[in-house]
Number of protein chains: 2
Amino acid sequence: MSAETERAWEYVLRTIETDLLSGALKPGDRLPPERTLAAHLSVGRSSVREAFRVLEVLGLIRTASGSGPQAGAIIVATPSGGMSALMRLQVAATGFAVADIVSTRLLLETSVAAELAATDADTTAPRQLLSAMDSPGLSEAEFLALDAQFHVSLAEASGNVVVAAMMAGLRSSIESYVLRAVPNLESWERTSARLRTEHAAILAAIESGQVAEARELVHDHISHYYAESHLTRDAASVA
Amino acid sequence: MSAETERAWEYVLRTIETDLLSGALKPGDRLPPERTLAAHLSVGRSSVREAFRVLEVLGLIRTASGSGPQAGAIIVATPSGGMSALMRLQVAATGFAVADIVSTRLLLETSVAAELAATDADTTAPRQLLSAMDSPGLSEAEFLALDAQFHVSLAEASGNVVVAAMMAGLRSSIESYVLRAVPNLESWERTSARLRTEHAAILAAIESGQVAEARELVHDHISHYYAESHLTRDAASVA
DNA sequence: CCCATCTGTGTGGTCTGACCACATGCTACA
DNA sequence: TGTAGCATGTGGTCAGACCACACAGATGGG
């Protein structure tokens with residue numbers, strides 16, 4: 001147990017966190033200008049900036065140059081961005097194995113689907129994404145982006161923000177791998193058609209309240225695709 | 001689709017991420033000194049530092065002053081720290097509701113327990129923590145810390161690093177709330193005794209392969225405690 | 001009177017240079 | 001030979017300067 005001296009930017013971060021917890025700061029509020037806050041906390045402006053960078057990447061603030069009410073650092077609390085950055089970098093640094101990402105996604109999404117089927121949640125968002133994926137002339141990347149949004153929208157429909165953020169993070173963390181694995185597919189045409197069919201079946205099972213069916217369909221949908229694209233294998237052989 | 005000009009620190013971050021993905025950088029490696037990297041990328045040292053702060057908070061690097069092989073920025077890829085910081089701050093900024101944190105924990109942990117029961121995983125770590133919690137004279141905070149470690153160790157036993165990191169993050173994000181809610185309990189003595197009993201039952205179910213039983217016990221264990229401490233209610237009334 | 005234009009001001013974004021604290025490793029001296 | 005002291009390189013921090021940008025108010029022409 002050493003003195004564990006706190007660095008200046010950590011002090012700034014801790015101060016802001018305290019203000020958030022006490023309610024002195026809340027989403028929509030504007031943080032003081034960097035120079036003012038630096039003077040107020042008796043630290044250099046660079047230390048304030050380092051703390052702000054962290055807050056920005058974590059999705060807590062949004063910064064904008066210029067003047068007026070939209071400029072400065074504003075508290076936003078949009079978790080998906082930070083979750084995505086965290087998971088993406090951890091996967092890049094091999095702190096997270098792609099196989100673990102996939103199985104976590106499987107775990108979360110089957111539970112979400114089961115819960116959605118058990119309740120009667122609003123499914124308009126996934127419905128719209130479903131029809132958007134039927135548009136002709138979509139590129140592979142565009143289709144997969146809509147696909148990702150569809151799955152995230154299911155999590156959002158559950159009303160659990162944390163799970164939704166995790167789903168978004170999990171997805172974006174392996175986005176580059178998924179794109180790179182597309183050529184591994186035997187036929188993109190056939191696969192995308194199957195994905196569309198499966199999406200429709202999943203949504204139908206959810207809307208009709210078939211809990212076990214929804215869970216099963218989601219499980220097969222996800223694991224089937226990853227197996228088909230040989231994603232986990234390729235991820236291991238990237239190095 | 002604007003030009004979306006990249007800021008200097010984002011450029012640094014992207015460069016490092018690229019090197020990670022390409023395998024040019026991997027855990028254990030040392031990043032170049034800040035001054036060198038700044039000159040190499042034609043940016044200011046402060047921009048490099050802002051990128052480093054982000055990497056540090058996200059658990060990707062560890063920095064140390066001084067000289068020698070241990071000094072500098074070293075890639076470590078320890079995800080739990082970043083996950084904890086992210087969730088803790090998001091909860092503080094009310095981006096994550098405490099109720100969602102709790103239900104996510106419920107979702108993850110019941111699945112983990114079921115999976116552990118279905119396989120025969122190594123349970124020595126949770127066993128040790130179980131006996132550690134039997135030590136007399138533990139303070140409430142100490143007991144709860146061991147409790148948290150017990151649950152995280154279950155996730156770790158599943159072998160899924162992502163889920164383990166999430167569990168650690170979920171737990172630390174509401175740590176302050178949990179501690180503050182202890183006085184709400186009718187009797188800490190009785191509650192802690194019950195927790196110990198339930199932990200033992202959970203572990204026994206897992207080790208004996210009773211899947212449904214393990215899931216059920218974990219569910220009741222978690223939801224019972226939160227209900228008893230009125231945590232979600234208090235969290236809402238903190239402001 | 002109204003609208004467009006110009007300008008001042010305050011903000012974040014960045015760079016430079018300087019200094020400190022610290023850990024290491026070498027060197028000179030006893 | 002061993003130890004004390006010094007040189008070096010690293011992150012940590014601060015101060016100051018400049019830029020780009022967005023807004024608000026002043027200014028001018030219609």
Side-chain angles (χ1 to χ4, degrees), chain A residues 1-16 25 27-76 78 81-82 85, chain B residues 1-16 25 28-76 78 81 85:
Chain A
M1 301 300 172
S2 67
E4 197 61 45
T5 59
E6 187 182 46
R7 286 176 284 184
W9 65 271
E10 289 176 316
Y11 169 58
V12 177
L13 211 51
R14 185 171 57 80
T15 302
I16 295 175
L25 286 175
D29 286 355
R30 232 180 87 176
L31 288 172
E34 295 173 353
R35 295 165 177 83
T36 307
L37 187 57
H40 189 263
L41 299 179
S42 302
V43 299
R45 191 184 160 206
S46 53
S47 298
V48 172
R49 285 186 60 74
E50 292 183 18
F52 275 27
R53 284 294 79 71
V54 171
L55 291 174
E56 181 174 350
V57 170
L58 260 39
L60 259 93
I61 65 173
R62 171 185 66 74
T63 61
S65 291
S67 174
Q70 290 307 312
I74 297 177
I75 302 183
V76 290
T78 52
Chain B
M1 300 297 176
S2 68
E4 197 62 44
T5 59
E6 187 181 45
R7 286 176 283 183
W9 65 271
E10 289 176 316
Y11 169 57
V12 177
L13 209 52
R14 184 171 55 83
T15 301
I16 295 175
L25 286 176
D29 286 355
R30 230 180 87 178
L31 287 172
E34 296 174 353
R35 294 165 177 85
T36 307
L37 188 55
H40 189 263
L41 299 180
S42 302
V43 298
R45 190 186 161 205
S46 53
S47 298
V48 171
R49 283 185 60 76
E50 292 184 17
F52 275 27
R53 285 294 80 71
V54 171
L55 291 174
E56 181 173 351
V57 170
L58 260 40
L60 260 96
I61 64 173
R62 171 186 66 73
T63 61
S65 289
S67 175
Q70 289 307 312
I74 298 178
I75 301 184
V76 289
T78 51

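Everything numeric in this text was worked out from a predicted model, so none of it was measured. Lettering of chains follows the sequences in order, A, B, ..., and the numbering in each one begins at 1.
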key: Minimum heavy-atom distance B/I74-B/P69, with the two atoms named   = CD1-O, 3.9 Å
request  = State which residues pass salt bridge (Lys or Arg N to Asp or Glu O under 4.0 Å) with B/R7; sequence neighbours excluded, sorted by chain then number.
outcome  = A/E56, B/E10
remark   = Outermost contacting nts on DNA chain D, any atom under 4.0 Å from chain B heavy atoms, listed 5' then 3', are D/dG9 to D/dT13
query = Do any of residues 36-45 of chain B sit with a heavy atom less than 4.0 Å from DNA chain C, and if so which?
reply = B/S42, B/V43, B/G44, B/R45
query = Within the structure shown, what part of the strands sits under 4.0 Å from A/A8 by heavy-atom distance: base, sugar-phosphate, or nothing?
reply = sugar-phosphate
With a 3.5 Å cut-off and sequence neighbours excluded, list the donor-acceptor pairs that the side chains of residues 30-41 of chain A form with protein atoms.
{"from": "A/R30", "atom 1": "NE", "to": "A/A71", "atom 2": "O", "distance (Å)": "3.4"}
{"from": "A/R30", "atom 1": "NH1", "to": "A/G68", "atom 2": "O", "distance (Å)": "3.1"}
{"from": "A/E34", "atom 1": "OE1", "to": "A/R45", "atom 2": "NE", "distance (Å)": "3.0"}
{"from": "A/E34", "atom 1": "OE1", "to": "A/R45", "atom 2": "NH2", "distance (Å)": "3.0"}
{"from": "A/E34", "atom 1": "OE1", "to": "A/R49", "atom 2": "NH1", "distance (Å)": "3.1"}
{"from": "A/E34", "atom 1": "OE2", "to": "A/R49", "atom 2": "NH1", "distance (Å)": "2.8"}

ask   = Which distance, rounded to the nearest 0.5 Å, do you find between the OG1 of B/T15 and the OH of B/Y11?
value = 4.5 Å
task = Classify the nucleic acid contact of A/S47 as base, sugar-phosphate or nothing, counting any heavy atom under 4.0 Å across all strands shown.
result = sugar-phosphate
key: Separation of A/I16 CD1 from A/I75 CD1 (nearest 0.5 Å)   = 7.5 Å
message = Output the rounded distance in Å from CD1 (A/I61) to C1' (C/dT11).
response = 14 Å
request  = For residues A/I61 and A/V76, report the shortest heavy-atom separation together with the two atoms involved.
outcome  = C-CG2, 3.8 Å
inquiry  = Assess the residue pair B/L58 and A/L58 against the criterion (side-chain contact (heavy atoms from CB on, under 4.5 Å)); give the C-alpha distance rounded to whole Å, side-chain angles, the decisive distance to 0.1 Å, and a yes or no.
reply    = CA-CA 9 Å; B/L58 260 40; A/L58 260 39; 3.5 Å; yes
ask   = Across the strands shown, which category fits B/R62 at heavy-atom distances under 4.0 angstrom: base, sugar-phosphate, nothing?
value = nothing
note = Per nearest nucleotide of DNA chain D, the residue lying toward the 5' end, A/R35 or A/E10, is A/E10
Euclidean distance, atom CD of residue A/E56 to atom C1' of C/dG13 [Å, nearest integer] = 11 Å
query = Between C/dG13 and A/T63, is there an OP1 or OP2 to side-chain N/O distance shorter than 4.0 Å?
reply = yes
message = I'd like to check the side-chain contact (heavy atoms from CB on, under 4.5 Å) partners of B/S46; sequence neighbours left out, ordered by chain and number.
response = none
query = Which heavy-atom pair separates B/V12 from B/A51 by the least distance, and what is that distance?
reply = CG1-CB, 3.6 Å
remark   = Comparing nearest nucleotides in DNA chain C, the 5'-proximal residue of the pair A/R49, B/P69 is A/R49
Look for any protein N or O under 3.5 Å of an N or O in nucleotides 21-23 of chain C and output each such pair with its distance, or none.
{"from": "C/dA23", "atom 1": "N3", "to": "B/S67", "atom 2": "N", "distance (Å)": "3.4"}

